[in-house]
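Reading through the structure tokens given below for one structure.
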Amino acid sequence: MGFVGYTKLSDSDGNYCLRVQKEKIRVEEKQLERKVVSATKWSTFTEIIAKLVVPLTNIILARILTPDAFGVIATITMIITFVDMFTDAGFQKYLVQHEFKDEEEKHKNANVAFFTNFGLSVFLWGIIILFSEQIAELVGNPNLGNVIAIACIQLPLTAFSSIQMALYRRDFDFKTLFMVRMISICIPIVVTIPLALLGLSYWALIIGTVFMQFSNAIVLTIKSKWKPQWFYNIKILREMLSFSIWSLVEAVSIWLTIWVDTFIIGSLLSEYYLGIYKTSTTMVNALMALITASIVPVLFSTLSRLQNDNEKFNQTFFNMQRIVSVLVFPLGIGVYLYSDLATQILLGSQWSEASEIIGIWALTSGIVIVLSHFCSEVYRAKGRPKLSFLAQLLHLIVIVPICLISSKYGFWTLIYARSWIRLEGVLVHFIIMKVAMGFSILRILRNVFPTAISAVVMGVLGSFLQKLYEGIVWSCISIIICVVFYFCFLYLFPDMRKAINALRNKLKPSGIK
């Protein structure tokens, strides 16, 4: 007895369908790989230019403004970044990570995120204006009430650009983000520096930042295929918040990890020490971001698309981690060894006290970036931001008492304690990656062993070369010797030789053989 409308597939038909399905998967994988390579190129190009222009701007400003002015900006930035977390509420990560049925559903979610974001930013800005004096006293700067209120105009401006930026990252359209970034990094040159030369002190930095956010909002809104349209749905908001609320909680915990030391220094010490500390660490972070900032957005977008394919997901993580370690490990050790030269070049003679901070922060940053920062991208891409929050919470439990206790023994004790305690976060991420995500810790360490050992050997050579002669000329020559030695030593490892050649071929412009 047969069934009407039922046709049994022959073995040949079944094999054909299987081949078609496999071919479709291969095509999709190649398309994703091309998008990743293209996105990485544009993201890298963007960050290289940005990290050349931005430090150059800071080098000029550091010679015009005093550490006290940078201390004021550090306090204002601490407040703005805290409030900005609540206005975004994790919507950017949701729009990048979530799989939508079609473009219409994606745009509806974008509209809900945009109007929620903008409404919260205006509301919170109003709260800041009303309680600006109390906020200023809380952060240890009672005379900054009006300054904080005016500077926070950035909040609603950021709301105009954040959603568009998330959609560009989701689509791997880093070419457009490159153009936007190029415009924004020119703002300090034409606005901030001239105002600083006119004697406006920290107001020059505030006005320059406001202009930067304004340009981002205008350009992204004009260029974006998606334009805000009046649509709001509470059901969609609830669905977004079910994911985003944990991203928000995670963001708060990350903010506390980053800024708790700033709050302690600002409250217990002076604006001078706060300016020295925050400017030094920011300069090191910007230097490291020359490498990481071009990788992390692409990594998160790629892992999000591969979240259901564990094998390719894990391989992508290890590939990116190794690529970053090639540059970050030697950079951290190099800046540590030549911190005096780095400080002289980047900040000038009035910042001589910053040398020690720059050196130790660079050394620990190299370790932390490679071994723990990328772990958070794994949690988010898998839709498990709770794990990142747990990691930050376990890290905060150690950081806060260490900072409070060490601050009683002086500024430098706090600096060294804060720098080295960051390594506790690496241990926390290792445990979570092993227990919750199933990653092999031994494989993570083995993955970066060639770059780590090469950087350490380079550091020993650099330390020896420094003892031979003194002076800026010899320092520059010894740095070149260290760089050449590092890559030659690294090339001795067969896996690294293969990886470097493969990366070079992928990033090589088409048409060049």
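No side-chain heavy atom of Phe329 sits under 4.5 Å from any side-chain heavy atom of Val456. You'll find the side chain of Val457 stays beyond 4.5 Å of the side chain of Leu461, heavy atoms only. Taking 4.5 Å as the limit, every side-chain heavy atom of Cys375 sits out of range of all side-chain heavy atoms of Ile432. Within the 4.5 Å cutoff, no side-chain heavy atoms of Glu377 are placed close to those of Phe317. Contact annotation: the side chain of Val335 never approaches that of Trp361 to less than 4.5 Å [non-hydrogen atoms, C-beta and beyond]. Counting heavy atoms from C-beta outward, Leu490 and Phe485 have side chains that stay 4.5 Å or more apart. Between Leu387 and Met437, the closest side-chain pair of non-hydrogen atoms falls below 4.5 Å.
Panel note: side chain Ser215, backbone Met212; a donor-acceptor pair is recorded below 3.5 Å. Under a 3.5 Å cut-off, the side chain of Tyr486 and the backbone N or O of Val326 do form a donor-acceptor pair. In this structure, Trp474 contributes its side chain and Leu465 its backbone to a donor-acceptor pair below 3.5 Å. The backbone N or O of Lys278 lies less than 3.5 Å from a partner atom in the side chain of Thr281, making a donor-acceptor pair. Asn117 contributes no side-chain N or O that, together with a main-chain N or O of Ala113, makes up a donor-acceptor pair within less than 3.5 Å. In terms of modelled atom types and a separation under 3.5 Å, the side chain of Thr451 and the main chain of Val448 share a donor-acceptor contact. Using a distance-only test at 3.5 Å, with no hydrogens or angles considered, a donor-acceptor pair links the side chain of Asn319 to the main chain of Gln315. Listed for the Gln392 side chain is no donor-acceptor partner under 3.5 Å among the backbone atoms of Thr257. Judged by distance alone, the side chain of Thr343 and the main-chain N or O of Ser339 form a donor-acceptor pair under 3.5 Å.
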| task | Any chance you could lay out the side-chain contact (heavy atoms from CB on, under 4.5 Å) test for Ile415 and Tyr273, step after step, and finish with the verdict? | result | CA-CA 11 Å; Ile415 293 301; Tyr273 281 115; over 6 Å; no
| task | Might you work through the side-chain contact (heavy atoms from CB on, under 4.5 Å) test for Val260 and Ile264, ending with a clear yes or no? | result | CA-CA 6 Å; Val260 64; Ile264 291 171; 4.1 Å; yes
| request: I would like to know whether Leu155 and Gln213 meet side-chain contact (heavy atoms from CB on, under 4.5 Å); could you show each step before the answer? | output: CA-CA 9 Å; Leu155 295 172; Gln213 296 295 346; over 6 Å; no
| message | Could you walk me through whether Tyr379 and Met433 satisfy the side-chain contact (heavy atoms from CB on, under 4.5 Å) test, starting with their C-alpha distance in whole Å, then the side-chain angles of each, then the deciding distance to 0.1 Å, before giving a yes or no? | response | CA-CA 9 Å; Tyr379 312 146; Met433 287 286 281; 3.6 Å; yes
| message | Set out, in order, the CA-CA distance, both residues' side-chain angles and the distance that settles ring pair (Phe, Tyr, Trp, His ring centres under 6.0 Å) for Phe374 and His429, then state yes or no. | response | CA-CA 10 Å; Phe374 287 173; His429 278 294; over 10 Å; no
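Nearest heavy-atom pair across Phe487 and Leu327 is CZ-CD2, 4.2 Å. Here the closest non-hydrogen pair linking Tyr338 and Cys482 is OH-SG, 4.3 Å. Here the shortest heavy-atom pairing between Ile76 and Ala151 reads CG2-CB, 3.6 Å. For the pair Ala455 and Ile333, the tightest heavy-atom approach, listed with the atom from each and the gap, is O-CD1, 3.4 Å. Ile369 and Met288 make their closest contact through CD1-CB, 3.6 Å (heavy atoms, listed as atom of the first residue, atom of the second, distance). Contact detail for Leu394 and Glu424: the closest heavy-atom pair is O-OE2, 3.5 Å.
Interatomic distance, CH2 of Trp259 versus CD1 of Ile79, reported as 9.5 Å (0.5 Å rounding). From Leu414, atom CG reaches atom OH of Tyr409 across 13.0 Å, with rounding to the nearest 0.5 Å. Here Trp255 contributes atom CH2 and Thr262 contributes atom OG1; the two are 8.5 Å apart, rounded to the nearest 0.5 Å. Taking CG from Leu341 and SG from Cys476, the interatomic distance works out to 5.5 Å, rounded to the nearest 0.5 Å. In this structure, CG in Leu256 is found 9.5 Å from CD1 in Ile399, a value given to the nearest 0.5 Å. Remark: Phe489 CZ to Met496 CE distance equals 12.5 Å, nearest 0.5 Å.
A cation-pi arrangement, defined by a distance under 6.0 Å to the six-membered ring centre and an angle within 45 degrees of its axis, is absent between Lys434 and Phe439.
Enclosure of atom CD1 in Ile441 by more than 12 non-hydrogen atoms of other residues, nucleotides or ligands within 6.0 angstrom is indicated. Taking a 6.0 Å sphere around CZ of Phe389, one finds it holds more than 12 heavy atoms contributed by other residues, nucleotides or ligands. For Tyr336, the OH atom is loosely surrounded, since the number of other residues' heavy atoms within 6.0 Å does not exceed 12.
Ring-plane geometry between Phe493 and Phe449 is classed as perpendicular, the angle between the planes exceeding 60 degrees on a 0 to 90 degree scale with a lower cut at 30.
Of the N and O atoms on the side chains of Ser372 and Arg422, not one donor lies less than 3.5 Å from an acceptor on the other residue. Using a 3.5 Å distance cut-off with no hydrogens or angles, the side chains of Ser419 and Thr364 do not pair a donor with an acceptor. With no hydrogens or angles considered, no side-chain donor-acceptor pair links Gln344 and Asp340 at under 3.5 Å. For Glu356 and Tyr416, the side-chain atoms include at least one donor-acceptor pair closer than 3.5 Å.
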